Enquirer: 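Pasting a structure below so you can have a look.
Computed from a prediction, not measured in an experiment: that's the story for all the values here. Quick note: numbers below take in every heavy atom, side chains included, and nothing from hydrogens, waters or symmetry partners.
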Amino acid sequence: MPLWCGRFAKSLPTIGVAAGLLTAVLLSSPARAQVAIIVNGDPITVYDIDQRAKLMQLTGQKGATRQQAIDDLIGDRLKLSAAKGYKLEITQTDVDNSFANIARNVRSTPEGFAKSLEGAGVNPNTLKARLKADLAWSQIIRGKYQSSLQIGEKEILSTLETRNAKDVGYEYVLTPILFVMARGAEAMAESRKRDAELLRARFQDCKSGIPFARALRDVVVRDTIRRNSADLSPQLRDVLDKIEIGRLTPPEVTSGGVEVFALCEKKETTADTPARRALREEMFSEKFKENANRYLKELRKGAMIEYRQD
């Protein structure tokens, strides 16, 4: 998913009383159907431009100009035109799933997220149109430049050495322990967290602690799992780094209850490390952007672009 998506969490305002009126005014505006630009036969309206400018502002591009919004929209039209040439279809389900992922990242539902956008003066379909172009473009670039996007292990190790980066990871052996709560019993969360903290205080090692946890009422000990530190978020790695082997992580409230993890083993590994994973993603992103920008320029040179308005 594009990086700009993550900026919503800090940018979305609360929904005002005037949100519905604002949306109604936007939807009824003559600008909605007023064509400003035609790209390969596909129109861009004044309304599209105004909406894209607002979306860019909302996603952190505070200094975005009208011309930048126009260039952004022309780029999207070219991306979708290229997708047609490759017979690549992005379905409404694909777009809705991407929209829902963004909503989840800002801890909202698709419906709640859509209302937040409307409250900021942005029609949700404006974002969905951008997502559709991004989804198509990602598939095109990955397919067209597949070989040049490959990143070798030697290249990664050489760069890490140049940067003097720490190249050590860990493999964790964890046993999840769940303090069960019935659905709709959120009021029990604090009580269950206290129960979990009591277990943490007396849990000294996995050999004796896990059988003890299994004997507790309304407690489920799940199957042991193995996780590489490269697969975990920096926040979770930080939590595990502070836990001694044989002890429990701080309790967290989940949909099923209050959960802790017993850290039963921890050993160093160089098979895959957080540093390698982060560098691989960084290098891929740079190569992707370089190829994408070059191809978009090629498409624009060969495009039929007619400006109806200044």
Enquirer: If you define the side chain from C-beta out and look only at heavy atoms, does anything of Leu216 sit under 4.5 Å from Ile177?
Expert: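 Leu216 vs Ile177: side chains apart.
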Enquirer: Would you find more than 12 non-hydrogen atoms of other residues, nucleotides or ligands less than 6.0 Å from Glu244 atom CD?
Expert: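 Atom CD in Glu244 is not packed in, count stays at 12 or less.
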Enquirer: Would one find more than 12 heavy atoms of other residues, nucleotides or ligands at under 6.0 Å from atom CD of Glu89?
Expert: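 Counting other residues, nucleotides and ligands, CD of Glu89 stays at 12 neighbours or fewer.
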Enquirer: So which heavy atom on Pro43 is nearest to which on Asp48, and how close?
Expert: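 Minimum heavy-atom contact is O-OD2, 4.3 Å.
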Enquirer: Taking Asp238 first and then Lys242, would you say they form a salt bridge - that is, a charged N and a carboxylate O separated by under 4.0 Å?
Expert: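 Looking at Asp238 and Lys242, the cut-off is met.
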Enquirer: Same cluster or not: are Met56 and Leu127 linked, directly or through other Ile, Leu, Val, Met, Phe, Trp or Tyr residues, by side-chain heavy atoms under 4.5 angstrom apart?
Expert: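 The answer is no; the residues belong to distinct hydrophobic clusters.
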Enquirer: Can you name the closest pair of heavy atoms from Pro124 and Leu117 and give their distance?
Expert: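 Smallest heavy-atom distance, with atoms named: CA-CD1, 4.0 Å.
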Enquirer: Can you give me the closest heavy-atom contact between Phe288 and Trp137, atom names plus distance?
Expert: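 Shortest heavy-atom contact: CZ-O, 4.4 Å.
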Enquirer: Going from CE on Met181 to CE on Met188, what distance comes out if it is rounded to the nearest 0.5 angstrom?
Expert: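 Answer rounded to 0.5 Å: 7.0 Å.
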Enquirer: As an exercise, state the distance from CG of Leu174 to CG of Leu232, rounded to the nearest 0.5 Å.
Expert: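 If I round to the nearest 0.5 Å, the distance is 8.0 Å.
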Enquirer: Leu248 and side-chain contact (heavy atoms from CB on, under 4.5 Å): which single residue from Leu199, Leu263, Thr175 fits?
Expert: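 Testing Leu248 for a side-chain contact (heavy atoms from CB on, under 4.5 Å) against Leu199, Leu263, Thr175 leaves exactly one candidate, Leu199.
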Enquirer: Do Leu80 and Ile74 sit in one hydrophobic cluster, given that two such residues count as connected whenever their side-chain heavy atoms are within less than 4.5 Å of each other, even indirectly?
Expert: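 Cluster IDs for Leu80 and Ile74 differ.
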Enquirer: Look at Lys287 together with Glu155 and state whether they make a salt bridge at an N to O cut-off of under 4.0 Å.
Expert: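 Salt bridge: yes.
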Enquirer: So, Thr159 versus Arg163: side-chain donor-acceptor pair below 3.5 Å or not?
Expert: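 Short answer, no.
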Enquirer: Compare every heavy atom of Ser148 with every heavy atom of Asn291, then report the nearest pair and how far apart it is.
Expert: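 Closest approach of Asn291 to Ser148: ND2-OG, 3.4 Å.
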Enquirer: Spell out, as yes or no, whether a donor-acceptor pair under 3.5 Å connects the side chain of Asp72 to the backbone of Gln68.
Expert: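 Side chain of Asp72 to backbone of Gln68, a donor-acceptor pair under 3.5 Å: no, none is there.
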Enquirer: Give a yes or no on whether Tyr307 and Leu78 share a hydrophobic cluster (residues Ile, Leu, Val, Met, Phe, Trp, Tyr; joining criterion: side-chain heavy atoms under 4.5 Å apart).
Expert: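 Yes, because Tyr307 and Leu78 connect within a single hydrophobic cluster, where side-chain heavy atoms sit under 4.5 Å apart.
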Enquirer: Looking at every heavy atom in both Arg308 and Val35, which two are closest together, and how far apart are they?
Expert: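 Shortest heavy-atom separation between Arg308 and Val35 comes out as CB-O, 3.5 Å.
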Enquirer: Side chains of Cys206 and Thr224: closer than 4.5 Å at any heavy-atom pair?
Expert: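 The answer is no, as the side chains (C-beta and beyond) never meet within the 4.5 Å cut-off.
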Enquirer: Tell me if the CD atom of Gln146 is crowded by more than 12 foreign heavy atoms within 6.0 Å.
Expert: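 No.
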Enquirer: Does the side chain to side chain contact (heavy atoms under 4.5 Å, CB included) test come out yes or no for Ile90 and Gln139, once each step is laid out?
Expert: CA-CA 10 Å; Ile90 303 299; Gln139 291 189 40; 3.6 Å; yes
Enquirer: CZ/Phe113 to CZ/Arg107 distance, rounded to the nearest 0.5 angstrom?
Expert: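 Those atoms lie 15.0 Å apart.
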Enquirer: Check whether more than 12 heavy atoms from other residues, nucleotides or ligands sit under 6.0 Å from atom NZ of Lys193, and answer yes or no.
Expert: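 No, not enclosed.
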Enquirer: Do Asp218 and Asp195 touch side chain to side chain, with heavy atoms closer than 4.5 Å?
Expert: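 When only atoms from C-beta onward are counted, Asp195 and Asp218 do not touch, as no gap falls below 4.5 Å.
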Enquirer: Is there a path of hydrophobic side-chain contacts, each under 4.5 Å between heavy atoms of I, L, V, M, F, W or Y residues, that connects Ile44 with Ile70?
Expert: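 Yes, it is one cluster - the side chains of Ile44 and Ile70 are joined through contacts under 4.5 Å.
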Enquirer: Using atom types as modelled and distance alone, determine if a side-chain donor or acceptor of Ser158 lies under 3.5 Å from a backbone N or O of Lys154.
Expert: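 Not a single qualifying donor-acceptor pair exists.
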Enquirer: Salt bridge or not for Arg300 and Asp71, using N-O below 4.0 Å?
Expert: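 Looking at Asp71 together with Arg300, the answer is yes, because their closest N to O distance falls below 4.0 Å.
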Enquirer: Decide yes or no on side chain to side chain contact (heavy atoms under 4.5 Å, CB included) for Met304 and Glu306, but give the supporting numbers first.
Expert: CA-CA 7 Å; Met304 295 290 293; Glu306 178 185 351; over 6 Å; no
Enquirer: Before you tell me yes or no, could you show the steps for Ile225 and Tyr172 under side chain to side chain contact (heavy atoms under 4.5 Å, CB included), namely the whole-Å CA-CA distance, both residues' side-chain angles and the distance that decides it to 0.1 Å?
Expert: CA-CA 8 Å; Ile225 57 177; Tyr172 302 101; over 6 Å; no
Enquirer: Check whether Phe261 and Tyr170 end up in the same hydrophobic cluster, where Ile, Leu, Val, Met, Phe, Trp and Tyr are linked by side-chain heavy atoms less than 4.5 Å apart.
Expert: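 Yes, it is one cluster - the side chains of Phe261 and Tyr170 are joined through contacts under 4.5 Å.
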Enquirer: Any side-chain heavy-atom pair from Asn228 and Arg277 closer than 4.5 angstrom?
Expert: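 The answer is no, as the side chains (C-beta and beyond) never meet within the 4.5 Å cut-off.
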Enquirer: Tell me the closest heavy-atom pair linking Ser108 and Gly112, and the distance in Å.
Expert: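 Closest heavy-atom pair between Ser108 and Gly112: OG-C, 3.5 Å.
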Enquirer: Look at Glu298 together with Lys301 and state whether they make a salt bridge at an N to O cut-off of under 4.0 Å.
Expert: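 Between Lys301 and Glu298 there is no salt bridge, as every charged N stays at least 4.0 Å from the carboxylate O atoms.
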Enquirer: Testing Leu299, Ile38, Val39 one by one against Arg77 for a side-chain contact (heavy atoms from CB on, under 4.5 Å), which residue passes?
Expert: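 Testing each of Leu299, Ile38, Val39 against Arg77, the sole residue satisfying side-chain contact (heavy atoms from CB on, under 4.5 Å) is Val39.
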Enquirer: For the residue pair Asn123 and Thr126, confirm or rule out a side-chain donor-acceptor distance under 3.5 Å.
Expert: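 Distance-only check fails for Asn123 and Thr126.
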Enquirer: Charged N to carboxylate O below 4.0 Å: is that the case for Asp241 and Lys266?
Expert: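 Between Lys266 and Asp241 there is a salt bridge, with a charged N closer than 4.0 Å to a carboxylate O.
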Enquirer: Is there a side-chain contact between Glu259 and Leu178 (heavy atoms, below 4.5 Å)?
Expert: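 Answer yes - side chains close enough.
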Enquirer: Are Asp96 and Pro110 close enough that some pair of their side-chain heavy atoms sits under 4.5 Å apart?
Expert: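 Sidechains of Pro110 and Asp96: no contact.
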Enquirer: If you define the side chain from C-beta out and look only at heavy atoms, does anything of Pro251 sit under 4.5 Å from Arg194?
Expert: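 Not in contact.
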Enquirer: Using a 3.5 Å distance criterion without hydrogens, assess whether the side chain of Arg200 forms a donor-acceptor pair with backbone atoms of Arg247.
Expert: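 A pair under 3.5 Å: no.
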Enquirer: Angle between ring planes, Tyr295 versus Tyr86, binned at 30° and 60°: parallel, tilted or perpendicular?
Expert: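 Plane angle over 60°, so perpendicular.
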Enquirer: Can you tell me how far the CG atom of Leu135 sits from the NZ atom of Lys79, to the nearest 0.5 Å?
Expert: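 One gets 11.0 Å once the value is rounded to the nearest 0.5 Å.
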Enquirer: Measuring from atom CD of Glu282 to atom CD1 of Ile156, what distance do you get when rounded to the nearest 0.5 angstrom?
Expert: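 Rounded to the nearest 0.5 Å, the CD-CD1 separation comes to 10.5 Å.
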Enquirer: Do the non-hydrogen side-chain atoms of Leu279 and Arg276 ever get within less than 4.5 Å of each other?
Expert: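 A side-chain contact under 4.5 Å is absent here.
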Enquirer: Does the pair Asp94/Lys132 count as a salt bridge with the N-to-O cut at 4.0 Å?
Expert: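 No, this pair does not count.
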Enquirer: Using side chain to side chain contact (heavy atoms under 4.5 Å, CB included), reason through Arg294 and Lys297 one step at a time and then give a plain yes or no.
Expert: CA-CA 5 Å; Arg294 183 172 61 249; Lys297 286 181 180 178; 5.9 Å; no
Enquirer: Output the distance between atom CG (Asp76) and atom CG (Leu131), rounded to the nearest 0.5 Å.
Expert: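 These two atoms lie 9.5 Å from each other.
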Enquirer: Return yes if some donor-acceptor pair links the side-chain N/O of Arg237 with the main-chain N/O of Ser229 below 3.5 Å, else return no.
Expert: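 Present.
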